[in-house]
Protein chains: 2
Amino acid sequence: METENGARWLSDEEQRTWRTHLEVSRLLTYQLERDLQPFGLTYNDYEILVNLSEAEDHQMRMSDLARATLQSKSRLSHQITRMENAGLVRRENCESDRRGLFAVLTDYGWETMKRVAPHHVAAVREHFIDLLSPRELESLQAALEPVAKHLRATRGRA
Amino acid sequence: METENGARWLSDEEQRTWRTHLEVSRLLTYQLERDLQPFGLTYNDYEILVNLSEAEDHQMRMSDLARATLQSKSRLSHQITRMENAGLVRRENCESDRRGLFAVLTDYGWETMKRVAPHHVAAVREHFIDLLSPRELESLQAALEPVAKHLRATRGRA
DNA sequence: CGGTATTTATTCAAATTTCAACTTAAATGG
DNA sequence: CCATTTAAGTTGAAATTTGAATAAATACCG
């Protein structure tokens, strides 16, 4: 099963799996976004909150946050500006590197996180985790981790 | 393992799998987008081309295309306008329902599709399919299909 | 040290996406 | 039939995202 220039097409099984994966990715994002709407947060907002919540002193360098959330610096900068306006985070200067800035979780941001997280987790369960058996969960992780590893590497050497 | 208001947190295993899935989704989209760049197409463009290519007479009603690609009608409308300007598709009136329009693949769109598809498929292989054993592929499909089904249903009754 | 290259982060403009308002046509139901 | 509701699709403005250009500070190297 070859294309004219030698590339191999996908078998039916491969194609089915590929499309299912794509569909799940998209619908899941879409659904989680929707489940956050009542709290006035986008998924992007939430992701920033998670990262800052888990970080030492509830703060991270802009660069690191951009890397962690897979966003461009420019995009993160805008994103943080918006969240700053919403009172969720603030920027703070970095002593040791005067080019640098920290994004810091505000008290309100932290309160918001604590309030919203349980609902978000419930949504993740409802739409993903609880639909998988322990065995399926395990094989999913086993299958996807190498893919993640590959993609991280590929992205890196861009 | 309960939150204050009764929601169950994720176990380490669950969390790891969840995050891996998220990461793969994102990096994969990102990578495929990048692999299409040399051809001057976005992933959205490509997806439209795929759908039209597989459709009867290389044409689809705007609504159906929007549904198939999980986009809003508005977004699709803009998208098609852009692709029309690029010469990849054209709009055509629908006889039987005079509100309706078809998006139709142009010759150039079809040529483009035939030219680009092998490269795209190769990318899908390189970054996903070929990293999975047949067994993993199978279990992935088995695990994700019910999730897809659930999400389709959930989305529907929105 | 002094100059050049990198890194960090922001900004502006252009492209894309979203959202609500609108138009036109078809379906529904007294 | 007519009136109303629903469906198909577009439009324009606002919000977000992208990408190149910029500014400022640090790192590197002869």
Side-chain angles (χ1 to χ4, degrees), chain A residues 26 29-34 36-38 40-48 51-52 59-86 88-104 155-158, chain B residues 26 29-34 36-38 40-48 51-52 55 59-86 88-104 155-156 158:
Chain A
R26 292 238 227 146
T29 306
Y30 182 91
Q31 184 61 48
L32 292 177
E33 188 91 35
R34 204 164 61 164
L36 282 170
Q37 264 175 25
L41 295 178
T42 65
Y43 191 77
N44 279 332
D45 295 334
Y46 185 79
E47 203 179 10
I48 303 283
N51 274 278
L52 293 180
Q59 62 175 41
M60 271 199 232
R61 285 291 295 272
M62 294 296 276
S63 280
D64 295 333
L65 196 48
R67 215 180 338 274
T69 57
L70 304 175
Q71 302 185 46
S72 70
K73 289 170 172 230
S74 170
R75 179 173 175 176
L76 180 70
S77 190
H78 289 299
Q79 169 80 30
I80 292 296
T81 300
R82 266 173 266 141
M83 293 180 74
E84 207 168 17
N85 292 336
L88 294 164
V89 303
R90 65 171 184 283
R91 282 182 236 244
E92 214 164 87
N93 287 26
C94 175
E95 306 295 319
S96 60
D97 183 345
R98 287 193 304 179
R99 294 167 300 185
L101 289 176
F102 286 102
V104 190
R155 175 180 168 78
R157 61 168 204 287
Chain B
R26 292 239 228 146
T29 306
Y30 182 92
Q31 184 61 47
L32 292 177
E33 188 89 38
R34 205 163 59 163
L36 283 170
Q37 266 176 22
L41 294 178
T42 66
Y43 191 78
N44 278 332
D45 294 334
Y46 185 80
E47 204 179 10
I48 304 283
N51 274 277
L52 293 181
Q59 63 176 40
M60 270 200 232
R61 286 289 296 272
M62 294 296 277
S63 281
D64 296 332
L65 195 47
R67 218 182 336 276
T69 57
L70 304 174
Q71 302 185 47
S72 71
K73 290 169 171 227
S74 171
R75 180 172 172 175
L76 180 69
S77 188
H78 289 298
Q79 169 81 29
I80 292 295
T81 299
R82 266 173 266 141
M83 293 180 74
E84 209 168 15
N85 292 335
L88 295 163
V89 302
R90 65 173 185 282
R91 282 182 236 245
E92 216 164 84
N93 287 26
C94 175
E95 305 296 319
S96 60
D97 181 344
R98 288 196 302 182
R99 293 168 300 184
L101 289 176
F102 286 102
V104 190
R155 174 181 169 79

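Per chain, numbering begins at 1; letters A, B, ... match sequence-line order.
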Colleague: Reckon Asn44(A) has a side-chain N or O less than 4.0 Å from the OP1 or OP2 of dT16(D)?
Modeller: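 Checking Asn44(A) against dT16(D): no side-chain N or O falls below 4.0 Å of OP1 or OP2.
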Colleague: Tell me which of Asp97(A) and Leu101(B) sits closer to the 5' end of DNA chain D, going by the nucleotide each one is nearest to.
Modeller: Leu101(B)
Colleague: When you check the phosphate oxygens OP1 and OP2 of dG19(D), does a side-chain N or O of Ser72(A) lie under 4.0 Å from one of them?
Modeller: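 No, outside the criterion.
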Colleague: Considering non-hydrogen atoms only, spot the tightest contact between Phe102(B) and Asn93(B) and give its length.
Modeller: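 Heavy atoms only, the tightest pair is CD1-O, 3.9 Å.
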Colleague: Minimum heavy-atom separation for Leu101(A) to Cys94(A), with atom names?
Modeller: N-CB, 4.3 Å
Colleague: Calculate the interatomic distance between Glu33(B) atom CD and dT17(D) atom P; express it in whole Å.
Modeller: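 Distance check: Glu33(B) CD to dT17(D) P gives 14 Å.
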Colleague: Mind checking if Arg67(A) touches a base, just sugar-phosphate, or nothing, with heavy atoms under 4.0 Å?
Modeller: nothing
Colleague: Take the protein atom CZ of Arg61(A) and the nucleotide atom P of dA25(D), then report the distance between them rounded to whole Å.
Modeller: 13 Å
Colleague: Whether Arg98(B) contacts dA25(C) is assessed here as follows: a side-chain N or O lying under 4.0 Å from the phosphate OP1 or OP2. Is that the case?
Modeller: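 No.
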Colleague: For Leu70(A) and dT17(D), what is the distance between atoms CG and P respectively, to the nearest whole Å?
Modeller: 14 Å
Colleague: Atom CZ of Arg34(A) to atom C1' of dC19(C): distance rounded to whole Å?
Modeller: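 It works out to 16 Å between those atoms.
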Colleague: Measure from the side-chain heavy atoms of Arg82(A) and tell me the nearest of dT16(D), dT10(D), dT16(C).
Modeller: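 Selected nucleotide (nearest to the side chain): dT16(D).
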Colleague: Between the base of dA24(D) and the side chain of Arg99(A), is there a donor and acceptor pair under 3.5 angstrom?
Modeller: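 Such a pair does not exist between side chain and base.
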Colleague: Atom CE of Met62(B) to atom C1' of dT24(C): distance rounded to whole Å?
Modeller: 15 Å
Colleague: So if I take every side-chain heavy atom of His78(A) and compare against dT18(C), dA13(C), dA8(D), which nucleotide ends up nearest?
Modeller: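 For the His78(A) side chain, the nearest candidate turns out to be dA13(C).
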Colleague: Name the one of Val104(A), Thr81(A), Ile80(A) that satisfies side-chain contact (heavy atoms from CB on, under 4.5 Å) with Val89(A)?
Modeller: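 In the set Val104(A), Thr81(A), Ile80(A), the residue that makes a side-chain contact (heavy atoms from CB on, under 4.5 Å) with Val89(A) is Ile80(A).
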Colleague: Could you please name the option among dT7(C), dT17(D), dT8(C) that lies closest to any side-chain atom of Lys73(A)?
Modeller: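 Of the options given, the side chain of Lys73(A) lies nearest dT8(C).
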Colleague: Can you tell me the distance, in whole Å, between the CG atom of Leu76(B) and the P atom of dT18(C)?
Modeller: 12 Å
Colleague: Indicate, yes or no, whether a donor-acceptor pair under 3.5 Å links the base of dT18(C) to the side chain of Arg75(B).
Modeller: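 Not at all, since no donor on one side and acceptor on the other fall under 3.5 Å apart.
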Colleague: Checking contacts here: which listed nucleotide (dT17(D), dA20(C), dT10(C)) is nearest the side-chain heavy atoms of Ser74(B)?
Modeller: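 That would be dA20(C).
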Colleague: Can you figure out which of dT24(C), dT11(C), dT18(D) approaches the side chain of Ser77(A) most closely?
Modeller: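 Closest nucleotide to the Ser77(A) side chain: dT11(C).
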Colleague: Restricting to non-hydrogen atoms, name the atom on Ala103(B) and the atom on Met62(B) that form the minimum distance, rounded to 0.1 Å.
Modeller: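 The answer is CB-SD, 4.1 Å.
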Colleague: Quick check for you: to the nearest 0.5 Å, what is the distance between Leu65(B) atom CG and Ile48(B) atom CD1?
Modeller: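 The CG atom of Leu65(B) sits 4.5 Å away from the CD1 atom of Ile48(B).
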Colleague: Whole angstrom is fine here: how far is it from CD in Gln79(A) over to P in dT18(D)?
Modeller: 11 Å
Colleague: Roughly, in whole Å, what's the span from OH in Tyr30(B) to P in dG19(D)?
Modeller: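 Tyr30(B) atom OH is separated from dG19(D) atom P by 8 Å.
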